[in-house]
Participant: 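Structure below; questions to follow.
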Amino acid sequence: MVYNPREIEKKWQKYWDENGIFEPSNDFSKEKKYILSMFPYPSGKIHMGHVRNYSIGDAIARNYRKLGFNVLHPIGWDSFGMPAENAAIKNKTHPKKWTYENIDYMRNELNSLGLSFAKTREFATSDPLYTKHEQNLFIQMYNKGLVYQKSSKLNWCDTCQTVLANEQVEDGKCWRCDNLVQQREMPGYYLKITAYAQALLDDMKELKNGWPSQVLSMQENWIGRSEGLEFDFTLDEDSQEKLNHKFEKYTVFTTRPDTIYGVTYSALAPEHPIINHLIEHNLLDPSSVEKIKQMRQVGARDRAMAQKEGLALGINVIHPLTGKKIPVWVANFVLIEYGGGAVMAVPAHDERDFEFASKYGLSITQSISVNTKEFDGNCAICDYGVTINSGVFTGLSSSQAKEQIIAHFEKYGKGKKVINYKLRDWGISRQRYWGAPIPMIHCPNCGLVPEAIENLPVALPEDVVIDGEGNPLVKHPTWKHTICPTCKTQAIRETDTMDTFFQSSWYFLRYTTDASLWQESAFDRASSDYWMSVDQYVGGIEHAILHLLYARFFTKVLRDLGYTNASEPFENLLTQGMVLKDGSKMSKSKGNTVDPDSIIKQFGADTARLFILFAAPPAKELEWNDSAVEGAFRFIKRLADRSNNVSKVHTLPQIDHTKLPDTSKYARKKVYEALKKSQEVFTNGYAFNTLIAACMEALNALGVQEDKAVWSEGYFILLNILEPIIPHICWELSDSLFDLKNFTKIQIQEEVFDEAVVVLAVTINGKKRAEISVAKDASKEQIFAYAKEECAKWLVDQTLIKEIFVPNKLVNLVVK
RNA sequence: GCCCGGAUGGCGGAAUUGGUAGACGCAAGGGACUUAAAAUCCCUCGCUCAUUACGAGCGUGCCGGUUCAAUUCCGGCUUCGGGCACCA
């Protein structure tokens, strides 16, 4: 057969499409598999990363379909977001037009790869219907107290009149206009993900087997749970007086209560309320005020880089155990968001405190002794050890001291054991146009109220001016003016739109529901209960934290709101590696991209898919190699060519294995090894590269034998195994040879693995010296005798002290 | 700095619970077919020394250990990649 991928691929894509081959069944009594590759952002054209992502997911989906599962393998578009607005500014197009044109183009590109998507369930997150349900979910969350408004510091560009995401700030300057970025207090909406911090941590146990360990550990670090003591520092009389008795005490948090006797000062974050009071009442000299204001101006990122800085505030607190007076400082390294925005400082046993104390000449007291190293005044000792200089708690191990000191505080009501998390609530407000409007209304009478459900969706206006300055929704002449749903007076609509991670946090639930039900609900309960969780999720490692954590959070929230019974969205996660060329990531700016379209045009989709699955295991980085692509093409051509050796059958031919010549026996063994491999690969790690190698070996082995029946059997099976990887050619060949009857579960014929003769390695002291062929049922004694005979020359003048026999593997002779 | 993950030929990569290192492919070299080229097919291909021999030695980042046997397990390094980054 002459291999003509262009013709074959078009033919089968059309056939699959017209016959709805890949649509899931709504019969929920069947066993299901939900296979999902992360949906793409419609940036314009697909790239090799997409090809890899979708080839992996597609292979898995096709495999399960062939094994008889009801498979959901959907696709959609993560279609809100900034690039559409940037394109609008640059090309004077409308974001909507740009986005939906890109979707149309990319849909065709994905189509040309022959991906087995459930096309009837496709949607874009910018579709008003999606927005409608999403805004409803938002309101449910708001009503449950999971959404709140607060003001916090964000990156603000004065020239562009907009908030910038952290990644849009380069060297402290705006990425577009080079203006210095400021920190500006902005009101915004926050989702209370911190309320689920512990649940997110606890449920990671269920993901241990299905998720890569590094993703779990990244999430664990991100959530950042720590246990410690929270207690109050009471201000001394003079200080309270100085603060007009507005403050009596403040709270600090420590994970090292065992070092509490080493406290020599306390430090407040520049944003701490006590400092506000000091400034407002002119209790600090002007240069100090100026310095504090400067500290506050520095963004979180730059603050982490900055030198330690601070100054004494002229107030003191009382050490809760010693009663000693301790000076209070302001320090730029203390974060207002964490642990009350204040710390007890133990310079002897904390590096930051030490650095600060050294710079400002503050006193240092050692309270822990570690036998390996003694405090020498040059650096802090942060290890655990034994308490010294610690009053009644002296002489305890760190862990004992922790326990007893916490117990002491709790007994006297001076403090308590608490758990803190680094995880912060999720700010979802964006001052942009191309996003889902936050469905809230500011009413002069009722305050902040959600839009009425029957008025959803709050849709975006189409007639907007997008010039990169300010929020187009704010500038729109009429859009924001509305009526309060409660008191019916004139009110103002919220002009913030949602972070696009909001859309991608529940799209996988929407897919579970037949499109005929999309009008009424976000997703159908029975459908989501049937399809959830996603059995295999496939996507880039770059989403290890944010997207995957948000999606986990949403799933729990939606469960608690009664929408689903799933607690975790993704049972198994495969994070695919990047596609590289010349050692670095393919990117337009580096000019090292390979266009998938041109590869498909030149070699066909099957070749592209085969190469990308063969070149590396899915989780690893993949180095693009043009000549290896040609190698993949050659293999498919060879496969197609060998169909001449095959006669048309409908079932596996009956073969008397014992009567075959050795070459044919070997070929059958190779074929069934490949089938076995296929079963392993799809249930354990998806090493498609080894599966493809096994198929190549099998085809090679078939090629050196001539038995017609063995050829037909081998081909029948090989097409079955390869269908998930190179579907077009397999359907074409299977159609002409087997009437597609071979795309089903095939039993392994164990007889082909029974061999009369086994080859054993003979090693001496573990070093291979010979190979022997022995009858399968040969006795140990016979085998050792034969092995010694074969290795006679190595045994001269040696004393044999031990003989080891590993069945089917080797014989080891230990000599001295 | 902390956390995680790697390191195997010229290259991408294979190797059940420790049991014949280098499968499969790419590149390279040689040959067949052809007027020629392409395509296809066959052979060689870890390194070193030998080339009388189906020869020997060395080899999975480095050093050491456990074992009859280590790419695999343990301890200590080197190095590359990724993530987090003053979270008290």
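Protein chains get the first letters and strands the later ones, always in sequence-line order, with residue 1 at the start of each.
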Participant: Tell me which nucleotide among rA27(B), rA85(B), rA39(B) gets nearest to the side chain of S627(A).
Facilitator: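 Nearest to the side-chain atoms of S627(A), counting from C-beta on, is rA27(B).
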Participant: Side-chain N or O of R638(A) less than 4.0 angstrom from OP1 or OP2 on rC41(B)?
Facilitator: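 R638(A) to rC41(B) OP1/OP2: side-chain N or O found under 4.0 Å.
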Participant: For a salt bridge (charged side-chain N to carboxylate O under 4.0 Å, His left out) check, start with the C-alpha distance between E803(A) and K788(A), then their side-chain angles and the critical distance, and finish with the verdict.
Facilitator: CA-CA 10 Å; E803(A) 296 170 349; K788(A) 279 179 235 172; 2.6 Å; yes
Participant: Show me the donor-acceptor pairs within less than 3.5 Å that the side chains of residues 331-338 of chain A make with the rest of the protein, sequence neighbours left out.
Facilitator:
{"residue": "N332(A)", "atom": "OD1", "partner": "E309(A)", "partner atom": "N", "Å": "2.9"}
{"residue": "N332(A)", "atom": "ND2", "partner": "Q307(A)", "partner atom": "O", "Å": "2.8"}
{"residue": "Y338(A)", "atom": "OH", "partner": "S226(A)", "partner atom": "OG", "Å": "3.0"}

Participant: Could you tell me whether V343(A) contacts a base, only the sugar-phosphate backbone, or nothing, with contacts defined as non-hydrogen atoms closer than 4.0 Å?
Facilitator: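 Touches a base.
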Participant: How is E623(A) classified with respect to the nucleic acid when contacts are heavy atoms under 4.0 Å: base, sugar-phosphate, or nothing?
Facilitator: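 No contact at all - E623(A) keeps every heavy atom at 4.0 Å or more from the nucleic acid.
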Participant: Just the rounded figure in Å: distance from C1' of rA15(B) to CG of N808(A).
Facilitator: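 The distance from CG of N808(A) to C1' of rA15(B) comes to 17 Å, rounded to the nearest Å.
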Participant: Nearest to the side chain of N332(A), which nucleotide is it out of rC24(B), rC86(B), rG12(B)?
Facilitator: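 Of rC24(B), rC86(B), rG12(B), rC86(B) is nearest to the side chain of N332(A).
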Participant: Just checking N700(A): base, sugar-phosphate only, or nothing, at a heavy-atom cut-off of under 4.0 Å?
Facilitator: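 Sugar-phosphate, backbone atoms only, no base.
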Participant: To the nearest angstrom, how far is I772(A) atom CD1 from rG19(B) atom P?
Facilitator: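 Checked: the CD1 to P distance equals 19 Å.
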Participant: Measure the distance from CD1 on I541(A) to P on rC84(B) and round it to the nearest whole Å.
Facilitator: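 Checked: the CD1 to P distance equals 11 Å.
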Participant: So if I take every side-chain heavy atom of N689(A) and compare against rA88(B), rC68(B), rG13(B), which nucleotide ends up nearest?
Facilitator: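 Side chain of N689(A) sits closest to rG13(B).
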Participant: Can you list the stems that include RNA chain B, where a stem is three or more consecutive Watson-Crick or G-U pairs with distances under 3.5 Å?
Facilitator: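 Stems (3+ consecutive pairs) listed as B:1-7 with B:78-84, B:10-12 with B:24-26, B:28-32 with B:40-44, B:46-49 with B:55-58, B:61-65 with B:73-77.
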Participant: Could you work out which one of rA88(B), rU16(B), rG55(B) sits closest to the side chain of F253(A)?
Facilitator: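 Out of rA88(B), rU16(B), rG55(B), the nucleotide with an atom closest to F253(A)'s side chain is rA88(B).
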Participant: Given the C1' atoms of rC24(B) and rA15(B), what is the spacing between them in whole Å?
Facilitator: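 One C1' to the other, the span is 12 Å.
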Participant: Once the angle between the rings of Y672(A) and F753(A) is folded into 0 to 90°, is it parallel (under 30°), tilted (30 to 60°) or perpendicular (over 60°)?
Facilitator: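 Ring orientation, 0 to 90° scale: perpendicular.
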Participant: Would you say rC58(B) has OP1 or OP2 under 4.0 Å from some side-chain N or O of K767(A)?
Facilitator: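 True: K767(A) side-chain N/O within range (under 4.0 Å) of rC58(B) OP1/OP2.
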Participant: Using 0.5 Å steps for rounding, measure from the CD atom of E706(A) to the OG1 atom of T663(A).
Facilitator: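 Reported value, rounded in 0.5 Å steps: 7.5 Å.
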Participant: Look at all strands and tell whether P212(A) reaches a base, only sugar-phosphate, or nothing, counting heavy atoms closer than 4.0 Å.
Facilitator: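 Nothing, no heavy atom under 4.0 Å.
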Participant: Remember a base hit wins even if backbone is also touched, and classify W794(A) as base, sugar-phosphate or nothing at under 4.0 Å, heavy atoms.
Facilitator: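 Sugar-phosphate contact only.
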Participant: For a quick check of understanding: with a heavy-atom distance under 4.0 Å over all strands, which category does V334(A) fall into, base, sugar-phosphate or nothing?
Facilitator: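 It contacts base atoms.
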Participant: Under the side-chain contact (heavy atoms from CB on, under 4.5 Å) test, which residues partner L216(A), sequence neighbours left out?
Facilitator: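 With sequence neighbours excluded, L216(A) shows a side-chain contact (heavy atoms from CB on, under 4.5 Å) to M204(A), L207(A), W211(A), given in chain and number order.
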Participant: Under 4.0 Å, heavy atoms only, any strand: does K585(A) hit a base, just the sugar-phosphate, or nothing?
Facilitator: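 It contacts nothing in the nucleic acid.
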Participant: What distance, rounded to whole Å, do you find between the two P atoms, one in rA50(B) and one in rC62(B)?
Facilitator: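 After rounding to an integer number of Å, I get 25 Å for this pair.
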Participant: When all nucleic acid strands are considered with a 4.0 Å heavy-atom cut-off, which category describes R634(A): base, sugar-phosphate, or nothing?
Facilitator: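 Since only primed, P, OP1 and OP2 atoms lie under 4.0 Å of R634(A), the category is sugar-phosphate.
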Participant: In whole angstrom, give the distance that lies between atom CD of Q679(A) and atom P of rU16(B).
Facilitator: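 Computing the Q679(A):CD to rU16(B):P distance gives 18 Å.
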Participant: Work out how far the P atom of rU66(B) is from that of rU16(B), and round it to whole angstrom.
Facilitator: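 Per the computed distance, 26 Å lies between those P atoms.
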Participant: What's G631(A) touching, base or sugar-phosphate or nothing? Going by heavy atoms closer than 4.0 Å.
Facilitator: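 Here G631(A) touches the backbone only, sparing every base.
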Participant: So what does T763(A) hit on the nucleic acid, given a heavy-atom distance under 4.0 Å: a base, only sugar-phosphate, or nothing?
Facilitator: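 Answer is nothing: T763(A) stays at 4.0 Å or more from every strand.
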Participant: Work out how far the P atom of rG18(B) is from that of rC68(B), and round it to whole angstrom.
Facilitator: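 Straight-line distance between the two P atoms is 15 Å.
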Participant: Quick one: side-chain contact (heavy atoms from CB on, under 4.5 Å) partners of S773(A), sequence neighbours excluded?
Facilitator: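 With neighbours one apart ignored, the set is V757(A), V759(A).
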Participant: P atom, rG75(B) versus rU48(B): distance in rounded Å?
Facilitator: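 About 36 Å, rounded to a whole number of Å.
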Participant: Using whole Å, report how far CD1 of I419(A) lies from P of rA88(B).
Facilitator: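 In whole Å, rA88(B) P and I419(A) CD1 are 13 Å from each other.
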Participant: I need the full list of salt bridge (Lys or Arg N to Asp or Glu O under 4.0 Å) pairs touching residues 609-634 of chain A, with sequence neighbours left out, sorted by first then second residue.
Facilitator: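 Every pair satisfying salt bridge (Lys or Arg N to Asp or Glu O under 4.0 Å) with a residue in residues 609-634 of chain A: D58(A)-R609(A).
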Participant: Could you pick out which residue, K670(A) or I804(A), lies toward the 5' side of RNA chain B when each is mapped onto its nearest nucleotide?
Facilitator: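 Residue closer to the 5' terminus by nearest nucleotide: K670(A).
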Participant: Write down the distance separating the P atoms in rA39(B) and rA27(B), rounded off to the nearest Å.
Facilitator: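 Each nucleotide's P atom is 10 Å from the other's.
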Participant: Would you say R769(A) places a side-chain N or O within less than 4.0 Å of OP1 or OP2 belonging to rA69(B)?
Facilitator: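 No, because none of the side-chain N or O atoms of R769(A) sits under 4.0 Å from OP1 or OP2 of rA69(B).
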Participant: Measure CG/L610(A) against C1'/rG25(B) and give the value in whole Å, please.
Facilitator: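 Going from CG in L610(A) over to C1' in rG25(B) covers 10 Å.
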Participant: Regarding N812(A), tell me which of base, sugar-phosphate or nothing describes its non-hydrogen contacts under 4.0 Å with the strands shown.
Facilitator: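 Base contact.
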Participant: Please identify which of these residues, F603(A), W624(A), F633(A), meets the ring pair (Phe, Tyr, Trp, His ring centres under 6.0 Å) condition with F611(A).
Facilitator: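 Answer to the ring pair (Phe, Tyr, Trp, His ring centres under 6.0 Å) test with F611(A) among F603(A), W624(A), F633(A): W624(A).
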Participant: Tell me whether the OP1 or OP2 atom of rC2(B) has a side-chain N or O from K422(A) closer than 4.0 Å.
Facilitator: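 For rC2(B), OP1/OP2 do not have a side-chain N/O of K422(A) under 4.0 Å.
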Participant: Just to be sure I understand the rule, does K308(A) reach a base, reach only the sugar-phosphate, or reach nothing, if contact means heavy atoms closer than 4.0 Å?
Facilitator: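 Base, at least one base atom sits under 4.0 Å.
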Participant: For rG9(B), is chi within 90° of 0 (syn) or not (anti)?
Facilitator: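 Syn for rG9(B); the angle stays within 90° of 0.
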Participant: Let me know the distance between NZ of K768(A) and P of rG18(B), rounded to the nearest Å.
Facilitator: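 About 22 Å, once rounded to whole Å.
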Participant: Which nucleotide in the list rC24(B), rG55(B), rC26(B) gets nearest to the side chain of M696(A)?
Facilitator: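 Among rC24(B), rG55(B), rC26(B), the one nearest the side chain of M696(A) is rC24(B).
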Participant: Taking any heavy-atom pair under 4.0 Å as a contact, classify A306(A): base, sugar-phosphate, or nothing.
Facilitator: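 Since a base atom lies under 4.0 Å of A306(A), the category is base.
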Participant: I want to confirm an ordering. Mapping L335(A) and S213(A) to their closest nucleotides on RNA chain B, which one lands closer to the 5' end?
Facilitator: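 Checking each residue's closest nucleotide, the 5'-ward one belongs to S213(A).
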Participant: Would F356(A) and F354(A) count as a ring-ring contact (aromatic ring centres under 6.0 Å, His included) if you check the C-alpha gap in whole Å, the side-chain angles of each, and the deciding distance to 0.1 Å?
Facilitator: CA-CA 5 Å; F356(A) 192 82; F354(A) 178 80; over 10 Å; no
Participant: Nearest 0.5 Å please: distance from the CG atom of L722(A) over to the CD1 atom of I717(A).
Facilitator: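 One gets 12.0 Å once the value is rounded to the nearest 0.5 Å.
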Participant: Indicate every side-chain donor-acceptor pair of residues 542-552 of chain A with a distance under 3.5 Å to a residue at least two apart or in another chain.
Facilitator:
{"residue": "H547(A)", "atom": "NE2", "partner": "Y537(A)", "partner atom": "OH", "Å": "2.8"}
{"residue": "R552(A)", "atom": "NE", "partner": "E568(A)", "partner atom": "OE1", "Å": "2.9"}
{"residue": "R552(A)", "atom": "NE", "partner": "E568(A)", "partner atom": "OE2", "Å": "3.2"}
{"residue": "R552(A)", "atom": "NH1", "partner": "L200(A)", "partner atom": "O", "Å": "3.3"}
{"residue": "R552(A)", "atom": "NH1", "partner": "Q219(A)", "partner atom": "OE1", "Å": "2.8"}
{"residue": "R552(A)", "atom": "NH2", "partner": "L200(A)", "partner atom": "O", "Å": "2.6"}
{"residue": "R552(A)", "atom": "NH2", "partner": "E568(A)", "partner atom": "OE2", "Å": "2.9"}

Participant: Which is true for E355(A) with a 4.0 Å heavy-atom rule: it touches a base, it touches only sugar-phosphate, or it touches nothing?
Facilitator: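 Counting heavy atoms under 4.0 Å across all strands, no contact is made by E355(A).
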Participant: Rounded to whole Å, how long is the line connecting atom CD1 of I223(A) with atom C1' of rC84(B)?
Facilitator: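 In whole Å, rC84(B) C1' lies 14 Å from I223(A) CD1.
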